[in-house]
K.L.:
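One structure, pasted below without further comment.
Sequence lines set the chain letters: A, B, ... in the order given, protein chains first and strands last, and positions in each chain run from 1.
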Amino acid sequence: MIGLYHPVSSPVHRARAGLKLAALAALSVLLFAVPTWPVGIGALAGVLVTGLGAARLPARLLWRQVRPVLPVLVLLLAYYALVSDVATGGVVLLRLLSLVTAAAVVTATTRVGELVAVVEWLCAPLRVLGVRPERVGLVIAMTLRFVPVIAERAARIREAQAARGGSARGIRAWATTTVPLLVQVLQLAHTLSEALDARGADDPARRPRAGAR
Amino acid sequence: MRLRRRTTPAAAPDGPVTTGAVELRGVAHAYGDRQVLRGLDLTLTEAKIGVIGANGSGKSTFARLLNGLALPTAGEVLVDGLSTATQLRAVRRRVGFVFQDPDAQIVHPTVAEDVEFGLQNLGVAAGERAERVTEVLGRYGLAGHRDHPAHLLSGGQKQLLAIAGVLVMRPARVVFDEPTTLLDLANKRRVARVIAELDQHVVVVTHDLELLAGFDRVLVFDGGTVVADAPPDDAVAAYLDLMSGR
């Protein structure tokens, strides 16, 4: 989700995030309820037409999302070929491929903020239990924001250790990276909490995002 | 060496107007047993105020006092008559704060969403939020990056994003805590230009002495107190003199 949004103008981009997520959920149910070749092929074709055609996404963008899953799909196919038959494995493969591609289309056509707004909307009934949906949304957004920041800081620490003769890779490198990284993350969290205060995150005027759709 | 040049009150467009001054009355601050500021009595009315001093001299804590990120352990800080101790939210709406490390203050994954964050907190309506975000991104050269992930921006762009995220809230005053420390020369100059062109009153904590050119007043901190308070040339001379003995 981090950095996967592809900003072009298309009907799919303009569609409500809630609608896209609902369609993704419906597709999942359909593929698992009707595990047949025609449904699998139809679903994948539909997703590709939507992604490459209606949403004007580059093929390489979808390929980048699907490629890491391919080894798992191949293993699954091999597993089904051994314990069942290739045809069943093919349907499972098609089903997962369709869903991964559909999820990639949704994330490439939907801003993180819109997805977070849907989560806030879904959490709205929890207000009666004292949950503040906007806080849930903020936590999700900050998680997505800080994953690459923390990964970058971990890489910097490993480089600094390597520059002084330490291990740059392997379990030993991770072990010696953990404590300084933890210290940096705590410092970062402290400054971040001050920044949230300074930008009015605790202000009672804060209202839920418009367009939680 | 004291300067009291009163300037025209600043007004952020449609934002709070500085109707008075920032006043520190008998302010001290301690972290546990460690006294970092003592005996501060200051009235800040100038549009551009610089703060310099050695590491650990108390200047960052001083900056934090101005919008209530730190509260005085003795004395009081008043912003346009509002106490940081008792009217914190009102003070923070008037005083924006830009941190040294932009990565620690960008809270949303993408550029436009991060700029919009402060406006949501202020309760600004969606239509106006969109207009203000577009305007401020354009002003700071980030319009082409509005949907880009913040972590892919350069250091200078991240600092501009951090500044945009504060200025979109239209505070009447902005405090900068070492805004150019992590930047290369070109980005330092760019941020310096941004600060120089601001309508808001600014207080800039910095080690970058060039940044102080054109400022109205510069405070030199040492050992938790102000040891010089003068126009930039005199204050920098006093600071260099102070440092030459170490």
Side-chain angles (χ1 to χ4, degrees), chain A residues 1-9 13 107-117 120 134 137-153 156 184-185 187-213, chain B residues 60 63-64 66-70 88-93 95-130 133 144-152 158 162 165-166 168-169 171 174-175 177:
Chain A
M1 273 173 80
I2 305 164
L4 295 182
Y5 180 71
H6 185 73
V8 294
S9 178
H13 284 75
T107 50
T109 58
T110 315
R111 289 184 176 88
V112 173
E114 292 169 336
L115 292 172
V116 169
E120 289 181 9
E134 63 274 13
L138 181 60
V139 167
I140 292 169
M142 287 200 303
T143 304
L144 293 170
R145 155 78 184 122
F146 282 97
V147 165
V149 173
I150 292 170
E152 188 186 315
R153 295 205 173 185
R156 262 194 243 157
Q184 285 199 17
V185 167
Q187 286 171 340
L188 186 65
H190 177 71
T191 312
L192 177 65
S193 69
E194 287 191 327
L196 287 170
D197 280 345
R199 294 177 70 186
D202 209 21
D203 202 308
R206 178 169 164 76
R207 41 171 88 158
R209 290 160 190 273
R213 16 184 226 175
Chain B
S60 283
R64 282 171 157 69
L66 303 183
N67 86 334
L69 286 173
L88 188 56
R89 286 201 171 103
V91 168
R92 284 191 177 151
R93 283 176 172 233
V95 185
F97 198 100
V98 177
F99 294 79
Q100 177 187 27
D101 180 3
D103 263 331
Q105 62 188 309
I106 298 170
V107 298
H108 274 270
T110 59
V111 170
E113 285 167 345
D114 187 72
V115 173
E116 192 181 5
F117 173 69
L119 296 179
Q120 286 175 336
N121 295 335
L122 289 177
V124 175
E128 188 183 343
R129 286 205 305 263
V133 168
H145 300 281
R146 61 177 302 134
D147 290 316
H148 287 187
H151 72 276
L152 296 182
K158 281 182 187 172
V166 170
V168 77
M169 297 171 75
V174 187
V175 179
D177 188 8

K.L.:
Is Asp114(B) in contact with chain A via its backbone, its side chain, both, or neither, using a 4.5 Å heavy-atom distance?
P.N.:
both
K.L.:
May I ask you to test the Phe117(B)-Leu138(A) pair for a side-chain heavy-atom distance under 4.5 Å?
P.N.:
yes
K.L.:
Could you check Glu113(B) against Val116(A) for side chain to side chain contact (heavy atoms under 4.5 Å, CB included), going step by step and ending with a plain yes or no?
P.N.:
CA-CA 11 Å; Glu113(B) 285 167 345; Val116(A) 169; over 6 Å; no
K.L.:
Side chain, backbone, both or neither: which part of Asp103(B) has a non-hydrogen atom closer than 4.5 Å to chain A?
P.N.:
both
K.L.:
Rounded to the nearest 0.5 Å, what separation is found between the NE2 atom of His151(B) and the CD1 atom of Ile150(A)?
P.N.:
12.5 Å
K.L.:
What are the two closest heavy atoms between Gly200(A) and Asn121(B), and how far apart are they?
P.N.:
O-CB, 3.0 Å
K.L.:
Look up atom CG in Asp197(A) and atom CG in Leu88(B), then write down how far apart they are to the nearest 0.5 Å.
P.N.:
7.5 Å
K.L.:
Do you know the tightest heavy-atom contact between Arg145(A) and Pro102(B)?
P.N.:
NH2-O, 4.4 Å
K.L.:
Is any side-chain heavy atom of Thr191(A) closer than 4.5 Å to a side-chain heavy atom of Phe99(B)?
P.N.:
yes
K.L.:
Let me confirm one number: the CD1-CE distance from Ile106(B) to Met142(A), rounded to the nearest 0.5 Å.
P.N.:
13.5 Å
K.L.:
Counting C-beta onward and ignoring hydrogens, is there a side-chain heavy-atom pair between Leu122(B) and Arg199(A) closer than 4.5 Å?
P.N.:
no
K.L.:
Output the option from Gln105(B), Arg64(B), Arg92(B) having the highest count of non-hydrogen pairs under 4.5 Å with chain A.
P.N.:
Arg92(B)
K.L.:
For the CZ atom of Arg111(A) and the NE2 atom of His108(B), what is their distance to the nearest 0.5 Å?
P.N.:
14.0 Å
K.L.:
Search all heavy atoms of Asp147(B) against all heavy atoms of Pro7(A) and return the closest pair with its distance.
P.N.:
OD2-CB, 3.7 Å
